[in-house]
Each structure stands twice: as structure tokens, then as C-alpha cells.
Asker: 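Quick one: this structure, given as C-alpha cells, is what I'll be asking you about.
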Amino acid sequence: MMRNSKEDGMSLQQKSVKLENFVTGRWTLGRVCHTLQDFYSHSNWVELGNSVPYSVLIKPDQPVENLAGPNVSTCRNCTGDNCTDNILPDVLQQGLLTSGYFNVLSSAKPDGKCSHGGTFDQTSKWDPIGGINKDTVGSSHGSLHHKAADVAVNATMELLEDIRVAVGDKNFLRLMGLSQSPVLCFVIDTTGSMSVDIAEAKRVVSEIIDSKRGTEQEPSAYILVPFNDPGFGPLLVTTNADVFNNRISKLYASGGGDRPELCLSGLQLALTAAPSASDIFVFTDAPAKDAHLKSTIMALIESTKSVVTFMLTGVRASRRRRRSAQGVIPRAMSQSDAQLYRDLAQASGGQAIEVTKSNLFATTSVIENSSCSPGVTVFQVVKNPGTPDNFNFAVDDSLRNITIYITGGSSLTFNLTSSTGESQNSSQSSGPLASFTTAGNLRRLSINTNNQTGLWQISINSNNAYSVKVTGQSSVNIFYSLVEAHEGAHGDFSLKGGRPFSGGNASILVSVTGSDTINVTEVSLFDSSVPTEVKGSIQSVGSGNYLVTFSGVPAGDFVLILKGQDINSPSSSTSRTIQRQASTQIKTTSISVTTQVNNTNIEPGSIVSVPFTVATTTNGVVNDSATGTFTVQANNDRSYSSTSPSNVTIEAGSGGKANGTITLTVPASAASGTDVTLTIEAQNAAATDINYAVLRFSVTAKVTDVTRPVCQIVSKSANCSSSSSLCGSSQWEFIANFTDGINGTGIESITVRQGNGTLNTSTVAGAGGENITVVNYNASCCSPNVELTAVDGEGNVGTCVGQARESTTAAPVTTAAVNTTSTGVDTTSTGVDTTSTGVDTTSTGVDTTSTGVDTTSTGVDTTSTGVDTTSTGVDTTSTGGHALGISHFVWITAVVSVFWK
């Protein structure tokens with residue numbers, strides 16, 4: 001069961017949070033929740049009459065008891081399709097805990113054992129026939145589906161509450177991806193010619209920090225990656241604006257040597273460190289020395305859906321290299337050098353802004369606009385080669401601060417027409433519809449009005465390459481993920497890695513956020529270069545999510561466009577139309593790249609083998625008779641040593657597949673919680689097609705500390721009156737000692753979870769050599785309750801509670817000296833060790849039919865867990881209907897007691 005890796009899951013998650021690797025932490029949490037929630041659907045816990053979570057599952061220091069042994073029969077044949085009583089009566093009477101076997105290939109299972117059941121489970125067709133799962137109401141034990149789901153939700157609430165206590169409210173929100181503001185992410189060239197660019201980056205950062213500090217618009221995190229030659233990094237990820245400002249203020253231009261720099265290496269770090277759908281800004285005036293990483297960057301852009309905008313200073317106007325009077329080629333990018341950056345920008349939905357250093361300040365408003373949330377893309381198109389064209393986009397009444405960005409040559413002209421027919425052309429820098437500025441190849445139009453809803457048009461006249469992007473601020477936005485049918489225990493769908501197959505079918509899960517009144521009417525894939533449009537079949541799956549299926553998607557580079565109607569908008573049909581476009585391109589391929597990895601947790605000092613398979617597809621199906629050679633490239637963002645075949649060959653008679661293995665060597669010094677992103681790419685012999693697999697690994701040191709911090713209450717002193725009007729004139733004091741044992745990882749923090757008083761701590765050495773943290777808490781009698789939480793280095797949590805009550809005489813006060821001979825702790829208490837949940841790392845899909853888990857993001861549906869993440873105070877007198885282990889306060893003038901979460 002899930003206890004096999006009980007120490008690893010939450011320990012890794014909390015160490016990821018400590019390193020501010022929230023993306024990795026969220027993936028880990030998703031797997032943890034999947035395993036935890038599956039327990040209630042796949043075991044007989046609810047059949048045993050239980051209606052509350054089995055909290056022992058998340059307590060590594062407590063054993064899972066009363067398991068049905070390997071030789072104990074647990075099930076009998078179902079009666080036809082009726083499996084309601086297939087669990088043996090003796091199992092139920094004795095309260096034995098069991099689950100069901102599952103296998104999609106083999107029907108073998110031990111005699112007398114239960115099966116999971118369902119269409120894909122071959123074991124359920126062998127005696128005992130049938131299953132016990134409760135994944136849906138139509139499952140073998142579907143009558144208990146809702147009961148199992150309710151217990152799973154409460155178990156998730158219990159787990160999330162433990163995590164929140166361990167990591168703190170602010171980090172918990174970031175872990176759950178609930179921040180309302182974007183990150184600020186810069187990748188900056190620091191070579192000798194970049195002094196002007198660095199100065200401008202510093203100015204923008206200071207302005208954003210000063211204007212948004214303390215507001216809802218303050219960036220949720222700050223990321224900085226400098227690059228030079230021959231080095232790049234180090235990566236900085238922080239939530240502290242002052243730390244970020246201080247680091248970027250220390251950047252200076254120096255070195256560089258030859259012209260090309262390690263731009264893409266720096267960008268790779270940023271793409272793997274930033275949350276999905278982040279805006280990343282790259283400052284450089286040099287070509288990329290590491291252009292071989294282009295396909296890796298493409299893969300990371302597509303998998304993270306982050307938008308990359310390049311601020312390019314120093315692009316030559318022509319392809320010809322002009323020499324100075326001394327015969328030296330000046331430091332500048334050729335058009336072919338810049339095209340690499342344009343391609344990456346286009347793939348991500350960003351822009352390649354080409355400007356002189358003296359005019360750079362005029363373009364950085366793009367950065368300031370992106371830091372305003374919630375930002376959305378209404379329309380975007382790239383024309384290369386350029387041709388005159390007309391583009392329509394819908395403006396809805398939720399949009400504010402609409403901005404149009406146009407990149408193109410100096411000869412480009414445009415005409416903007418509003419929904420009312422009013423027009424303005426490019427000769428009017430300030431007109432009835434917009435004001436616009438020009439700097440380098442960028443034209444920025446700020447729409448003057450917010451009330452002209454309906455269909456707008458912008459006409460571009462240019463024969464050179466250009467791009468148009470329409471953005472705004474709106475609560476209504478879209479997110480998408482490629483998915484595929486999941487032929488497994490749940491029979492739903494799971495995330496699909498890599499690109500969709502040319503000529504095949506594609507399924508995309510589209511989520512509409514910010515409104516529950518949007519009726520989605522059309523979702524299409526559009527390739528502007530052909531042009532080609534493929535409309536999808538839309539199926540609502542609830543909560544603003546839509547499963548969109550596309551048939552026979554041709555080869556091409558597509559963007560996803562959604563249109564709909566807001567049923568709550570004013571009666572005018574023009575104001576009801578909603579249009580949103582996903583930024584990242586969706587590229588099709590005829591190459592399949594799959595990996596076989598059973599465990600994504602890797603230990604420091606280990607060598608990890610990653611088997612992979614390459615195949616050729618025809619109309620979305622592997623071509624068994626295909627042959628060919630494919631170039632293979634593997635890269636990881638930590639620069640860990642690795643080996644990889646340079647190519648693989650599909651031989652005749654191989655079933656159309658070729659296999660290979662990549663090894664990754666993890667340094668012994670790698671910190672637990674470090675994330676490693678491995679990208680594997682395969683390209684055909686003609687270099688016209690490529691596909692990839694992106695794997696995230698987490699460095700996980702073996703957990704040696706599974707013991708919660710222990711609290712010994714030393715003394716309490718109180719003289720509190722029963723009169724509420726007099727409580728302010730009296731004080732009470734609470735003294736306790738926290739220890740983590742001689743072999744523990746040490747207490748890292750002690751916080752007041754409940755109470756409004758003053759906390760002071762000090763550390764002394766115990767007689768046995770262990771460190772003892774002495775806690776002294778003082779508060780007014782108006783705040784008579786206290787709950788203290790101690791977290792050790794492994795994330796184990798211990799809690800002490802106390803309450804002052806009316807007393808006619810002061811309680812005796814003892815000194816803070818430590819009693820090292822007795823801890824007074826009831827070690828049989830039912831504490832929760834938040835370092836472990838026993839993560840099933842072999843599965844990433846979550847049973848959304850039974851647990852309400854959103855598998856498109858983190859595996860955790862925070863809207864259904866009942867956790868109020870906006871509140872920092874915890875009402876410890878109420879459990880919210882689930883067993884959190886906080887059922888009462890301890891009246892310490894009557895008894896001394898300790899309980900654990």
C-alpha cells in the first residue's frame with residue numbers, strides 16, 4: 001500500500017517548499033493526494049463501516065494495523081453483476097483491511113483475493129470474479145462511491161491542513177498555485193556591452209517593486225538568471241523583493257570574449273524554475289553560443305506554456321556584416337542570429353523586440369504591463385513572410401487596459417477599426433481609438449476606451465514579417481492541457497506529454513477561469529501560415545472544464561482559440577462574445593517518444609537509468625513497418641553528468657520501434673528537494689520533424705527522522721479574572737520545552753498558531769546532548785488560549801496547547817530549567833507526521849470521478865477540499881466535520897496534556 005514510501009512523499013514536498021521549488025512540490029503533492037484518495041476508493045475502508053479518514057496513513061510512526069494477511073481469503077464471486085456482498089463476512093466482522101488486485105495484461109492473482117474490477121482489470125475475470133472499487137457510481141461497489149469520495153475529501157483536508165501548519169500560510173498558498181499575481185522573471189546577459197540594458201532592467205525592477213509592494217499586484221515570486229561566457233547562473237528564486245532587488249543591483253557588465261553567449265542555457269534554468277504560464281524576459285545583444293539547445297527550449301516552452309519575450313539590442317538592419325574602419329566586425333546580431341530568438345518568441349506567444357540601446361526604455365512597458373494581473377491574450381498572429389491582411393478580434397465587457405503590440409519593419413502601416421466603425425491609422429500617434437508609440441520594431445497601441453465592445457479589426461500593410469498581439473486585463477481566462485484516454489483503473493484521461501500526432505486525433509482539456517457564466521461555443525486550432533482551421537467537438541466535464549476532441553489534425557503549427565458567450569452580459573449580442581487565445585503554439589509531429597520511468601524520486605549520489613522508445617506514426621498510429629534513424633539529444637537543467645546515445649535506428653522487423661537508455665548521475669552533494677528536469681528529443685534524419693519527452697525528477701535523501709518534536713509543559717502561571725472588562729489588567733504565562741531527540745534533525749521553527757501574545761525562545765543543551773528549545777509565552781488574560789507548533793528539519797510537526805482559566809491565586813511558577821530525565825509525553829498520542837504520505841510515484845493521473853482532483857495542474861482540486869486558504873487563523877475548537885485530531889483544549893490548571901497533529 002501507500003505506506004511503502006511513507007517517509008518520502010511529504011518530506012520531499014516540504015523540502016521542495018523550503019528551497020522554493022513550488023512547481024516540484026505541487027507535482028509531488030498531486031501524487032501524494034492521488035495515492036491517499038485512491039485508498040478510500042480501492043480498499044474496503046468504507047465497507048468496514050468507517051466514515052472518517054484513516055489518519056494513520058499519514059503518520060509514519062504509527063503502523064497500519066489489522067491487515068488481511070497474504071494467505072487470508074477476502075472475496076467471493078459476485079452474483080452476476082451484483083458485487084455488493086462479494087467481500088467475505090469474516091473479513092468484515094474481523095475488521096480486516098484489504099484492497100483489490102489490478103492488472104491490464106494478466107488475470108493472475110492469489111487465490112481468494114479481491115480484484116479492483118472494471119473493464120480493463122483482467123484479474124476481475126478470474127475467481128473470485130468481480131471487484132470492490134468505488135471509482136464511479138457504476139463501479140463494482142458504486143453504491144458507496146459518494147461515501148468514499150466524502151471520506152477522501154476529508155482525508156485531503158486533513159493532509160492539506162498538516163502541510164499548511166508545517167510550511168506556513170504564505171508558502172502554502174504558493175505551493176497550491178493560488179497566488180493572484182504573476183512572477184517577475186529576468187534572464188540577463190551580463191557581458192561587457194550590456195551596461196545600458198542592465199541599467200534599464202534595474203530601473204524596471206525598482207519601479208515594479210516600489211509601485212506594487214504590499215498590493216495585490218505584487219509579484220508572487222522573483223526569478224533572476226544572469227548569463228555570460230563561459231558561465232551562466234546562479235539561479236535566484238525568492239519571494240523577497242528586497243533580496244531580488246539587491247541581487248539585480250549588483251549585476252554589472254564585464255567579460256564575454258567572443259560575441260556569442262550562453263543565452264539559451266540561462267533561459268533553460270528560468271523555464272524549469274518558473275511556474276507554468278509565466279512571462280519570462282530575456283535581455284541580450286548577442287547571438288546564442290548554445291543554439292544547439294533550441295529544440296530543448298522549444299520543448300520546455302510547450303510543456304510549461306510560459307511566454308518568452310526577448311529584448312534585443314544590437315540587431316543589424318541587414319544580413320550583411322559591416323566592418324569598422326579598423327576592419328573589426330562590431331558586436332551585433334545578424335538577422336539570421338536574431339531569427340533564433342524570433343522563432344522561440346513565436347512558439348511561446350512572446351515577442352522579439354529589436355531596439356537600439358538608447359531606445360530600450362521605451363519598450364520595457366511591456367514588462368510592466370505583464371506584471372499586471374490578471375492578463376489575458378485576446379488575439380495573436382505571426383505572418384512570416386508578411387502579406388497585407390485583415391484581422392478580427394472580439395472585445396468583451398470584462399476587458400480593461402487593452403493593448404495592441406505590433407512588431408515589424410519600418411515600412412509597416414496599419415488601420416484600426418472599432419466595433420462602431422470608427423477608425424484610426426498609423427499616421428495618428430494619438431487618435432479617437434488609441435495612442436501609440438514606436439521604438440525599434442515595436443509599435444504599442446493603448447486603447448483609449450473600455451466601452452466599445454464587439455468585433456474590432458486591425459489591418460496590416462506589410463510585405464515583411466510581422467506579428468500582432470492583442471492583450472488586456474480580465475478575470476476570464478483559459479488554460480489547456482493535452483490529454484489522452486487512460487486505459488487503466490479509472491478509465492478516464494491523463495496528461496499527454498510531447499506533441500500531438502500529425503493526421504491523428506487530439507484531445508485537449510480546456511479550463512475557463514474567472515466566470516461560471518461563460519457558454520463555450522467554439523474551440524479551434526488555427527495555423528495562420530497556411531491558413532488552416534480545425535474545429536473541435538466540445539464536451540463539458542463540469543466546473544468550467546471542457547474536453548475538446550479534434551479529428552485528423554494535419555501537420556502544422558497551431559494556436560488554440562476559444563469563443564463563447566457570457567450569459568450574464570447586457571442584452572447586446574456584441575458585448576456577450578468572449579474570445580481568448582492560448583499563447584503557446586501546438587506543433588504536430590509524426591515521431592513518438594515515450595519513456596519508462598517507475599520512480600521520479602532520485603537519491604543523492606545515485607545513477608538513474610531512463611529507458612526510452614522512439615517510433616514513427618502514421619495518422620496518429622505507430623507504423624509497425626517503418627524504419628529510419630533518429631538523432632537523440634538529452635539535456636538536464638542542473639548540468640548533471642549524463643550519457644545518451646547520439647542516435648537510434650528503427651530496424652526492419654522491430655515493430656517500428658527503437659529503444660535507448662539515458663543515464664543521469666546525481667551528485668552526492670545534491671540537496672534533498674532539488675528538482676531536475678530532463679528533456680529527451682528525437683529528430684528525423686531530414687531534420688524536419690522532432691518530438692520530445694520532458695521528465696521531472698526530485699532529489700530525495702533517505703528520511704532518517706520520522707519522530708515529531710516532543711513538548712514538555714514546564715509551568716503555567718495565571719491570575720485571570722472572570723470579568724471580561726478586567727482581563728486587560730492581568731497576564732498569564734506559559735513555559736514549555738520542545739526537543740527533537742538526540743538523532744533528530746533539529747527544531748527549525750516554533751510559531752504561535754493560536755493566541756495573541758509574546759513568544760520568546762532560547763536553546764539549551766540537555767543532559768543527553770540533545771538541543772532543547774525553551775519556549776516562554778506571555779499574553780493578556782483577554783487572550784486565554786495558546787497553541788504552539790514546532791517543525792523540525794524533516795517537516796515533522798509537534799504541537800502544545802494550553803488555556804488560562806480563572807484562578808483566585810497565582811499558579812506556582814517554576815524555572816525554565818530543563819527536566820532532562822522525563823518528558824512527560826504520551827507517546828501513544830495520535831499525531832500526524834506531515835513528512836510522509838507514502839507517495840505512489842508510479843502514477844500521476846488522479847481519479848477525478850471519485851475525489852474531485854484536477855489532474856491538469858497539480859492533482860489537487862483546492863476548490864473541493866474545503867480548506868480556507870485565505871485565512872491565517874485556525875479555529876482549533878472546530879474540525880469542520882473531519883477528524884483533524886484537534887477536538888478540545890487542555891485546561892492546564894487541572895491537567896497537563898500534550899497532543900500532536
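Starting from 1, each residue takes its place in the sequence as its number.
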Asker: Does Glu603 have any salt bridge (Lys or Arg N to Asp or Glu O under 4.0 Å) partners at least two apart in sequence or in another chain, and if so, which?
Answerer: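 So Glu603 forms no salt bridge (Lys or Arg N to Asp or Glu O under 4.0 Å) with any residue.
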Asker: Roughly how far apart are Ser698 OG and Arg31 CZ, rounded to 0.5 Å?
Answerer: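 Nearest 0.5 Å value for the OG-CZ distance: 5.5 Å.
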Asker: Using the test side-chain hydrogen bond (donor to acceptor under 3.5 Å, both in side chains), find all partners of Gln94 that sit at least two apart in sequence or belong to another chain.
Answerer: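 Expected list: none.
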Asker: Between Cys711 and Leu788, is any pair of side-chain heavy atoms under 4.5 Å apart?
Answerer: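 Cys711 does not reach Leu788 side chain to side chain.
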Asker: I'd like to check the side-chain hydrogen bond (donor to acceptor under 3.5 Å, both in side chains) partners of Asn240; sequence neighbours left out, ordered by chain and number.
Answerer: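 None.
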Asker: Residues two or more places apart in sequence or in another chain: which of them pass side-chain hydrogen bond (donor to acceptor under 3.5 Å, both in side chains) with Gln731?
Answerer: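 For Gln731 there are no side-chain hydrogen bond (donor to acceptor under 3.5 Å, both in side chains) partners, ignoring immediate neighbours.
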Asker: Mind checking ring pair (Phe, Tyr, Trp, His ring centres under 6.0 Å) for Phe479 and listing every partner two or more places apart, or none if nothing turns up?
Answerer: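 Checked Phe479 against ring pair (Phe, Tyr, Trp, His ring centres under 6.0 Å); zero matches.
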Asker: For the pair Glu218 and Lys212, find out whether any cationic side-chain nitrogen is under 4.0 Å from an anionic carboxylate oxygen.
Answerer: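 Looking at Glu218 and Lys212, the cut-off is not met.
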Asker: Say whether, by atom type as modelled, one donor and one acceptor occur between the side chain of Asp705 and the main chain of Thr745 under 3.5 angstrom.
Answerer: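 Judged by distance alone, yes, a pair lies under 3.5 Å.
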Asker: If the condition is salt bridge (Lys or Arg N to Asp or Glu O under 4.0 Å), which residues does Asp675 pass it with, not counting sequence neighbours?
Answerer: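 Asp675 satisfies salt bridge (Lys or Arg N to Asp or Glu O under 4.0 Å) with Arg638, Arg696 only.
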Asker: Before you tell me yes or no, could you show the steps for Leu759 and Thr761 under side chain to side chain contact (heavy atoms under 4.5 Å, CB included), namely the whole-Å CA-CA distance, both residues' side-chain angles and the distance that decides it to 0.1 Å?
Answerer: CA-CA 7 Å; Leu759 176 69; Thr761 63; 4.2 Å; yes
Asker: Which residues pass the side-chain contact (heavy atoms from CB on, under 4.5 Å) test with Asn246, not counting sequence neighbours?
Answerer: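 So Asn246 forms a side-chain contact (heavy atoms from CB on, under 4.5 Å) with Ser249, Lys250.
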Asker: What residues, two or more places apart in sequence or in another chain, satisfy side-chain contact (heavy atoms from CB on, under 4.5 Å) together with Thr763?
Answerer: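 Thr763 satisfies side-chain contact (heavy atoms from CB on, under 4.5 Å) with Asn771, Thr773 only.
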Asker: Going by distance alone, is a donor N or O of one side chain under 3.5 Å from an acceptor N or O of the other, for His34 and Asp38?
Answerer: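 Looking only at side-chain atoms, Asp38 and His34 do form a donor-acceptor pair, the distance falling under 3.5 Å.
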Asker: Only one of Asn154, Ile58, Leu36 passes side chain to side chain contact (heavy atoms under 4.5 Å, CB included) with Pro53; say which it is.
Answerer: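 The side chain to side chain contact (heavy atoms under 4.5 Å, CB included) with Pro53 is passed solely by Asn154 among Asn154, Ile58, Leu36.
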Asker: Sequence neighbours left out, what passes side-chain hydrogen bond (donor to acceptor under 3.5 Å, both in side chains) with Asn778? Give chain and number order.
Answerer: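 Applying side-chain hydrogen bond (donor to acceptor under 3.5 Å, both in side chains) to Asn778 gives Asn776.
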Asker: Are Cys720 and Cys727 within a span of less than 2.5 Å, counting SG to SG?
Answerer: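 The answer is no, since Cys720 and Cys727 keep their SG atoms 2.5 Å or more apart.
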Asker: Verify whether the ring centers belonging to Phe734 and Tyr777 lie closer than 6.0 Å.
Answerer: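 Not under 6.0 Å, so no.
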Asker: Kindly write out the residues that satisfy side-chain contact (heavy atoms from CB on, under 4.5 Å) with Ser515, not counting sequence neighbours, or none if the list is empty.
Answerer: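 Ser515 satisfies side-chain contact (heavy atoms from CB on, under 4.5 Å) with Val476, Thr517, Ile518 once adjacent residues are dropped.
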Asker: Are the side chain of Ser43 and the backbone of Phe39 linked by a donor-acceptor contact shorter than 3.5 Å?
Answerer: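 Present.
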Asker: To the closest 0.5 Å, what do you measure between CH2 (Trp45) and NZ (Lys147)?
Answerer: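 So the CH2 of Trp45 and the NZ of Lys147 are separated by 11.0 Å.
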Asker: Can you check whether Glu47's main-chain N or O pairs, donor with acceptor, with Asn44's side chain at less than 3.5 Å?
Answerer: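 Absent.
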Asker: Check this for me: does any side-chain nitrogen of one of Arg213 and Asp242 sit under 4.0 Å from a carboxylate oxygen of the other?
Answerer: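 Looking at Asp242 together with Arg213, the answer is yes, because their closest N to O distance falls below 4.0 Å.
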Asker: Would you compute the distance between atom CG of Leu159 and atom CD of Gln37 and round it to the nearest 0.5 angstrom?
Answerer: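 Spacing of CG (Leu159) from CD (Gln37) equals 9.0 Å.
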Asker: According to side-chain contact (heavy atoms from CB on, under 4.5 Å), who are the partners of Thr751, at least two apart in sequence or on a separate chain?
Answerer: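 side-chain contact (heavy atoms from CB on, under 4.5 Å) list for Thr751, sorted by chain: Thr789.
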Asker: What residues, two or more places apart in sequence or in another chain, satisfy disulfide (SG to SG under 2.5 Å) together with Cys185?
Answerer: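 With sequence neighbours excluded, Cys185 shows a disulfide (SG to SG under 2.5 Å) to no residue whatsoever.
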